[in-house]
Protein chains: 2
Amino acid sequence: MKRKITLKQIARELDVSISTVSKALRNSIEISEDTREKVQAFAKLYNYRPNNIALSLKNRKTKTIGVIIPEIVHHFFSKVIRGIELVANKRGYNVIVGLSNESFDKEVINMQMLANGSIDGFILSISKETLQQQDYHHFKETISQGMPIVMFDRVVNEINCDKVIIDDLKGSKNAVNKLLANGCKNVAIITTKDYVSVGKLRTQGYLEALDDYKMSPKADLILKVDDALVSEDHLASLELEIEALFKKNNAIDGVFAVNELYAIIAMKVARNLGMKIPEDIQFIGFTDGVLSKHATPSLTTVNQHGQEMGEKAAGLLIDNLERDDEEEHYQTIIIETELVERNSTK
Amino acid sequence: MKRKITLKQIARELDVSISTVSKALRNSIEISEDTREKVQAFAKLYNYRPNNIALSLKNRKTKTIGVIIPEIVHHFFSKVIRGIELVANKRGYNVIVGLSNESFDKEVINMQMLANGSIDGFILSISKETLQQQDYHHFKETISQGMPIVMFDRVVNEINCDKVIIDDLKGSKNAVNKLLANGCKNVAIITTKDYVSVGKLRTQGYLEALDDYKMSPKADLILKVDDALVSEDHLASLELEIEALFKKNNAIDGVFAVNELYAIIAMKVARNLGMKIPEDIQFIGFTDGVLSKHATPSLTTVNQHGQEMGEKAAGLLIDNLERDDEEEHYQTIIIETELVERNSTK
DNA sequence: TTGTAGGCGTTATCAT
DNA sequence: ATGATAACGCCTACAA
C-alpha cells in the first residue's frame, strides 16, 4: 500500500528542496530544464496530485459547493442536483449534499457543519418547517459571514441573495387556463397549505385564471392538503379527502393539482368513481416527473425544468464566488415553465 | 460582513497566546478558570467554530465520504443516498456526491478529484460503461493508496473490497416462482444485456425458476434490451420491441421485467393489445419505486431496499475508517429482497 | 537556478 | 497556568 505521495517526499527522494519541486511541477522557468524533467518524471511515476485540503487551506477556498435540499428521493430535487453537478464539475467544483429532511433543525445543523470551511457557498431550497416557522436567522448569519447563498424554488423575500425560481403564478394560471379553454366549467384545485410559498402562488394562479374567465371561486372546489400528514406511507387519507371532494361537488370536470402525485392520485380516485379521463374530467399537474409520463392516461403537467434550475443556480453561485468586486448585486432568475400536454387533457 | 473568526484573532483580542485559546476552548484543566471563561465567552459571542479544513489537514482525515453513482434522477440511487446520508450524518460525516452518468471517463475523473485528500473513502456503484469495458484499474489504484471503497448493487468480483448487494438471483427467482405458482404457463422476461451484472443474475434467476417447474426456456420469451439505446427520451423503440415480443408469442401470460420501467411499459403495451391485467397476463418488476406504487394497476415488484443498502454501505465504510487494526477483512452484506404484492398479479 | 521562510488554522508537545 | 514551536501539505515572496 503506497500512500499518496507529497511534495516533501519527492523533494527528499530527489534531494532537492520542496519549493524546487513545487516550481518544477508548475513548469516554472526558474527551474532548469534538467531538474524540471527529472521532477516531473518522478511525480508522474508516483502519480503525484496536490492535496486538495492543503490547497483549500492555503487558498482559503475549497472549490466545493454545499447543497441543502429538503429531500432527495424526489424527481424534482434530484434533477436540480444533476444540473448543479453538471456545471459545478465543468467549472472545477465539487458538490457536497446535505438533506434537511424538511426539518428546521437539520437544516441549521447541516449548514453549520458545512459553513465551517468545508465549502465556498450554498445552493439551497428551504425546508417546509423553516418556512412555517419563518425563522431565517441561519441564512442571514451565513450571508453576513461572507458566504454566498443561492436559493432555488422555495425562496423567501426576507433574505437578500441570488435566487432561481419559476413563475409559479404564471405556470399555474396557464395550466388552469388550458382547462378552462378546454371547456371545463368546474375546475377544482388540490393544493397545499399556504405556508409553502409555491403552493400559495399556484393557488393564486388558479384564482386569477378563474377571474379571467369571469368565474368566481367556490370554496368546495378548493382542497388544501396538509402535506405534513401526507407522507409516502399515508396516502390513503389523501385519497379519502379527494373522494370527498368529488362527491361533494359532482360537477367537477377539471382538476389542477400543485404536484404530480396529487394529480395521479386524483385521477385514480376519479377513475374508481367511474369517470372517464379526459372525456368526463381533465387533469393537469405541476412538476413534470416520471409519474406523469408513465401514468395511464399520461398526465398533462407544468414542467419546472429542474435541471435548468440547478444549472442556473450553480452558475450564479460560481460567478459570484469568482467575481472580484465585492459589490452586492443579487439577481433573481425566473425559469420559464412549459405545459407538457399529454392524455389527461383534451 | 464579519468574516469567520479564528483562534489567532481571539488570541490577539484577548491578549493571550493561540495555544491558550485552543486549550481554553477545549476545556483543558491546564487553563485557569478565569481565562477559560473569558475565552469561551468571547468565542461564543463571535460564534467561533474550528475550521474544518485546518482540522482535516492536521488530522489527515476529512470526515467526509465520497459517493459516486451512475445517475441521481433515479429512485433507487436516491434512496441509497438518503441511507448513506442518514448514517453518515449520525456519525459525524459529510457526503460529497459525484455522478458518473454511466460513463467510464467521468467515473475516473470524479474519483481522482475526490481522492486527492477531499474524502476518507468511497461508496460507489459501477457505471455501465465501466462494466462493459471491464477496466477496473482506478478502483485498484484507489484501494492500493489506502483509500477504502465500499461497492453497492453494481459490484464486481475482481475488486477486493466491502460490498453491499442484494441477492439478485434469489429475488428474481422468487418473483418468477410467484408467477408460475399463480398459474402462468408462458412467462416472458424483459432484461438487459449481460454485461450489467445484475441483469445477468436476474436472468439466471428466471431460468432457475423455470427449471424448478420443469419448464424449458424458450428463446422467444426472452427479450434482452440494449439499454444504452433506451434513454429516457427514446422509449418508443422499447415499446415496439415489447409489442413484437407479445405478437411473436401470443400465449404469454406472465412477464418478469428486471426494472420497474420496463414492467410499466410492458403493461401499457399489453393493455393496448387488449389484454386484461392480471386476468389475462400478470406482471412483476424489479426495483420498487414510485412508478410501481402509483401505476394502474399497481405493480407487484421486488423491493431492493435501497435506503437500507445505503445505510449498510455507510456503516461498513465508517467502521473500516475508524478501525485501528490494519487487517484487511472485507465483507459482503447481502440485503434480503422482498416481494411487494400489488394488483398486477393475482 | 535553487533554497529558505512564512503562512493558511489547528492541535499536541514541550518549555517556561 | 501560559506560551512557543512544530507539524499537517502547499505555495510564493524573497534570499542566496
Side-chain angles (χ1 to χ4, degrees), chain A residues 2-40 42-43 46-64 113-120 145-147, chain B residues 3-40 42-43 46-64 114-120 145-147:
Chain A
K2 37 170 189 185
R3 269 229 114 69
K4 291 238 68 171
I5 198 169
T6 68
L7 287 186
K8 191 196 260 192
Q9 292 168 46
I10 299 183
R12 199 185 310 136
E13 292 294 324
L14 264 40
D15 210 47
V16 290
S17 79
I18 295 181
S19 61
T20 302
V21 177
S22 175
K23 286 173 186 164
L25 288 176
R26 340 192 82 244
N27 254 318
S28 161
I29 42 162
E30 287 183 35
I31 306 297
S32 73
E33 186 81 31
D34 241 29
T35 357
R36 241 189 296 165
E37 277 173 12
K38 189 176 61 177
V39 171
Q40 292 186 1
F42 191 90
Y46 282 88
N47 196 23
Y48 170 81
R49 295 267 185 288
N51 179 309
N52 284 331
I53 294 294
L55 287 179
S56 295
L57 185 59
K58 172 125 196 55
N59 303 330
R60 280 121 133 262
K61 53 186 170 186
T62 60
K63 287 274 197 172
T64 103
M113 278 191 76
L114 298 184
N116 299 318
S118 302
I119 61 162
D120 295 338
Q145 286 183 351
M147 173 148 319
Chain B
R3 268 230 114 68
K4 291 239 68 171
I5 199 170
T6 68
L7 288 186
K8 190 195 261 193
Q9 293 169 45
I10 300 183
R12 199 184 311 138
E13 292 293 324
L14 265 41
D15 209 47
V16 289
S17 79
I18 295 181
S19 53
T20 302
V21 177
S22 175
K23 286 172 185 165
L25 288 176
R26 339 194 82 246
N27 254 317
S28 162
I29 42 163
E30 286 182 38
I31 305 298
S32 74
E33 186 81 31
D34 240 30
T35 3
R36 241 188 297 164
E37 277 172 12
K38 189 176 59 176
V39 170
Q40 291 186 2
F42 191 90
Y46 282 88
N47 195 24
Y48 169 80
R49 296 267 184 289
N51 180 309
N52 284 332
I53 295 294
L55 287 179
S56 294
L57 185 60
K58 176 130 195 54
N59 302 329
R60 278 119 132 265
K61 52 186 172 188
T62 60
K63 288 273 197 175
T64 104
L114 299 183
N116 298 316
S118 302
I119 62 163
D120 296 339
Q145 286 183 349
M147 173 149 317

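Every value quoted in this text rests on a predicted model; they were computed, and no experiment measured them. Per chain, numbering begins at 1; letters A, B, ... match sequence-line order.
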Would you indicate what B:K23 reaches in the nucleic acid, counting non-hydrogen atoms under 4.0 angstrom: base, sugar-phosphate, or nothing?
base
Rounded to whole Å, how long is the line connecting atom CG of B:D15 with atom C1' of D:dG3?
12 Å
Keeping A:S56 on the side-chain end and A:N52 on the backbone end, is there a donor-acceptor pair under 3.5 Å?
yes
Under 4.0 Å between any heavy atoms, over every strand shown, what does B:L57 touch: base, sugar-phosphate, or nothing? Just pick one.
base
Output the rounded distance in Å from CG (A:N52) to C1' (D:dC10).
11 Å
Is the shortest side-chain N/O distance from A:S22 to OP1 or OP2 of D:dC10 below 4.0 Å?
no
Under 4.0 Å between any heavy atoms, over every strand shown, what does B:I29 touch: base, sugar-phosphate, or nothing? Just pick one.
sugar-phosphate
Please figure out whether A:I18 or B:R49 has its closest DNA chain C nucleotide nearer the 5' end.
A:I18
Which nucleotide, D:dC14, D:dT12, D:dG9, lies nearest any side-chain atom of A:E30?
D:dC14
Under 4.0 Å between a side-chain N/O of A:Y48 and OP1 or OP2 of D:dG9, yes or no?
no
Of all the nucleotides listed (D:dG3, D:dT12, C:dT10), which has the minimum atom distance to the side chain of B:P50?
C:dT10
D:dG9 phosphate, OP1 or OP2: any side-chain N/O from B:R60 under 4.0 angstrom?
yes
Roughly, in whole Å, what's the span from CZ in B:R26 to C1' in C:dG9?
13 Å
For B:S32, answer base if it contacts any base atom (sugar-phosphate contacts may also be present), sugar-phosphate if it contacts only those atoms, and nothing otherwise; contact means non-hydrogen atoms under 4.0 Å.
sugar-phosphate
Distance check needed: D:dA7 P versus B:K61 NZ, whole Å only.
21 Å
Side chain of B:K58: nearest nucleotide among C:dT13, D:dC10, C:dT10?
C:dT10
With heavy atoms under 4.0 Å as the rule, sort B:S19 into base, sugar-phosphate or nothing.
base
Within this structure, what is the CD1-to-C1' distance between B:I31 and D:dG3, rounded to whole angstrom?
9 Å
Any base atoms under 4.0 Å from B:T35, or only sugar-phosphate, or nothing? Heavy atoms, all strands.
sugar-phosphate
Atom CG of A:L55 and atom C1' of D:dC11 are separated, to the nearest Å, by 8 Å
Find the distance B:L14:CG to D:dA1:C1' and express it as a whole number of Å.
15 Å
Determine the contact category for A:L7: base if any of its heavy atoms lies under 4.0 Å from a base atom, sugar-phosphate if only primed atoms, P, OP1 or OP2 are that close, otherwise nothing.
sugar-phosphate
When the distance from CG of B:N116 to P of D:dC10 is rounded to whole Å, what number comes out?
10 Å
